[in-house]
Amino acid sequence: MGQGIRPPSLGRLLGRMVWTMQDDCSDTRGDSTGGRAQDLDRQTERGRVAGDSTPLRGNEHPDSDSLQERRASPENRRGEAEVSAPEGHHTSSLGEEDEPWTQSQPVLKLALGSQGQQVADLQLRLSRLGYRITDPNALFSDTTQVAITLFQSSRGLPTTGECDPTTWRSIVEAGYHFGDRVLYLHNPLMRGDDVGELQVRLGSLGFDPGRVDGYFGESTQLALMEFQANLALPADGICGPSTIDELKRLFGRSKEHIHGVREREYLRNRTRSSKELSVVICAVDELASIADLFSLRLRQSGVTSSSLHDTDQSTLAQIANSLRGDVSIHLDFSTSGAQLAYYSGFSYSSPGGEQLAKFLARNYAHLLPTTLTLKGMTLPILRETKMLTVAVQLSPASIWVATGPQLAEATVQAILDFTNNPEL
């Protein structure tokens, strides 16, 4: 994702460009954070969100309460088989509990030449997922890099060949298979491929768990309780052996997930008024001025818009969710050409996100020197935002300076066209 691209003068060039435009235009919609972000004023400096000083525990999500619109339960629920803890508990090679809310994660990025116990744990997990590792134990060498690259490609992650925290969390989640453990609402949220599979199975049967994101939140719990009630099972919202057996027996009745159907229906029937539309523009720190520019042009077209910037995508997703926007655009650098990414994961793709990406691609095509690629991905900004989100990743970095104003205009038009005619 171009994390190493940090042109020292880019921010100043973009800043001059944005503020020159602002001097020429009358903005009646407020500052760059928009009216909905007044409660963030103390945390922001032109959209900058201060990080929490408390480090996350392992795979804990930074805002478990907001992932599926409802709050996570403060206490473990007891129900099917009177479980007191999730099944499938085991200890990792690091000697820590290997559950999604307490597992260890690499503090630093693991890459070629890295060695130590974290590398050994990484290699063990990759081997369990079926990747062939022939490197010496606890040494990150060629086959570990190949395995990481293949895994990242299969999961819709940037194929860097390095194990960053996002890749690590995805590897841990991939180790959970449906039926391995009891699933229930927990604070912080349980997460993993088994949760994603549960959501897919519920959605195929017409019980809407929300977007298939691999997080067991209250939307998933309610869908599970509805399923259990329909089968005369104890409707406790806990996915234990009896519920798992029924889900396996009934799975496959529909080829389409109910949430995708509802997403398209919502887009077809929503009021198509730019004055009622809210867009959140997110960006890495170096593109803060470009995010401000995009947001400014949206407000001038009558759309409510906010701009945020931070290096951490989960932080941006958390704040964007609090703004309750309809659409989010994330601006970033790329190391693999120009691409537009929408959410796709756990056998599910966002139909609205994909269509919005197509509208953006049409308007961007004549502005960029290279061909645009559309990709379904599981980047945190795509997975953790509750609104339709598209990630715009461009290279080289200078293209943001050269075409920033034109891209802003193209983005405004694409969003308005999509709102008026989503083609779903």
Side-chain angles (χ1 to χ4, degrees), residues 1-6 58-59 92-94 98 103-177 191-193 196 213-214 284 311-314 330 332-349 357 370-384 391-397:
M1 292 178 59
Q3 294 177 352
I5 304 176
R6 295 292 184 265
N59 217 26
S92 74
S93 61
L94 293 180
D98 189 20
Q103 64 209 254
S104 60
Q105 71 178 54
V107 176
L108 301 175
K109 183 181 297 182
L110 301 179
L112 279 175
S114 299
Q115 55 186 330
Q117 200 60 40
Q118 290 181 336
V119 175
D121 194 35
L122 171 65
Q123 292 171 331
L124 176 61
R125 293 177 186 274
L126 287 170
S127 296
R128 288 175 176 172
L129 294 175
Y131 295 94
R132 185 170 177 264
I133 305 292
T134 60
D135 294 345
N137 189 40
L139 175 63
F140 194 121
S141 192
D142 293 342
T143 60
T144 300
Q145 184 184 51
V146 170
I148 287 287
T149 302
L150 291 173
F151 175 82
Q152 289 171 327
S153 178
S154 71
R155 305 285 288 199
L157 297 171
T159 52
T160 63
E162 301 175 340
C163 186
D164 57 15
T166 297
T167 300
W168 170 261
R169 288 191 290 267
S170 188
I171 289 173
V172 172
E173 292 178 21
Y176 292 107
H177 305 288
R191 56 192 288 174
D193 279 26
D213 56 12
V284 294
T311 56
D312 183 69
Q313 291 188 16
S314 290
H330 182 255
D332 201 351
F333 301 106
S334 171
T335 57
S336 56
Q339 63 183 29
L340 299 174
Y342 55 91
Y343 178 71
S344 180
F346 303 102
S347 303
Y348 171 87
S349 291
T370 58
T371 302
L372 265 173
T373 302
L374 271 65
K375 296 180 64 177
M377 302 186 74
T378 58
L379 300 171
I381 192 65
L382 302 174
R383 180 180 176 185
E384 297 173 15
V392 182
Q393 301 175 329
L394 303 179
S395 66

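Nothing fancy with the numbering, it's 1 onward along the sequence. We use all heavy atoms of the structure for the numbers below, so side chains are in, but hydrogens, waters and symmetry mates are not.
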Working to the nearest 0.5 Å, report the span between [atom1] of [X] and [atom2] of [Y].
| X | Y | atom1 | atom2 | value |
| --- | --- | --- | --- | --- |
| T373 | L340 | OG1 | CG | 8.5 Å |
| C163 | L126 | SG | CG | 7.5 Å |
| L124 | Q117 | CG | CD | 10.0 Å |
| I148 | D164 | CD1 | CG | 9.0 Å |
| R191 | D213 | CZ | CG | 9.5 Å |
| L394 | F333 | CG | CZ | 9.5 Å |

Give the minimum heavy-atom separation between [X] and [Y], together with the two atoms involved.
| X | Y | result |
| --- | --- | --- |
| I133 | A147 | CD1-CB, 3.6 Å |
| E173 | G192 | CB-CA, 3.6 Å |
| A391 | L379 | CB-CD1, 4.2 Å |
| K109 | E162 | CD-OE1, 2.8 Å |
| M377 | P158 | CE-N, 3.7 Å |
| F140 | G161 | CZ-O, 3.5 Å |

Please list, chain by chain and in numerical order, all residues satisfying salt bridge (Lys or Arg N to Asp or Glu O under 4.0 Å) with D193, sequence neighbours excluded.
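Scan of D193 (salt bridge (Lys or Arg N to Asp or Glu O under 4.0 Å), adjacent residues dropped) gives R155.
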Can you tell if the side chain of [X] reaches within under 4.5 Å of the side chain of [Y], non-hydrogen atoms only?
| X | Y | result |
| --- | --- | --- |
| R383 | T166 | no |
| L110 | W168 | no |
| T378 | L157 | yes |

Would you confirm whether [X], through its side chain, and [Y], through its main-chain N or O, come within 3.5 Å as a donor-acceptor pair?
| X | Y | result |
| --- | --- | --- |
| T149 | Q145 | yes |
| S153 | L150 | no |
| T143 | T134 | yes |

Audit row: L112, T144, side chain to side chain contact (heavy atoms under 4.5 Å, CB included) steps and yes/no
CA-CA 8 Å; L112 279 175; T144 300; over 6 Å; no
Taking the inter-plane angle between the rings of F151 and Y131 on a 0 to 90° scale, is it parallel (under 30°), tilted (30 to 60°) or perpendicular (over 60°)?
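F151 and Y131: perpendicular rings.
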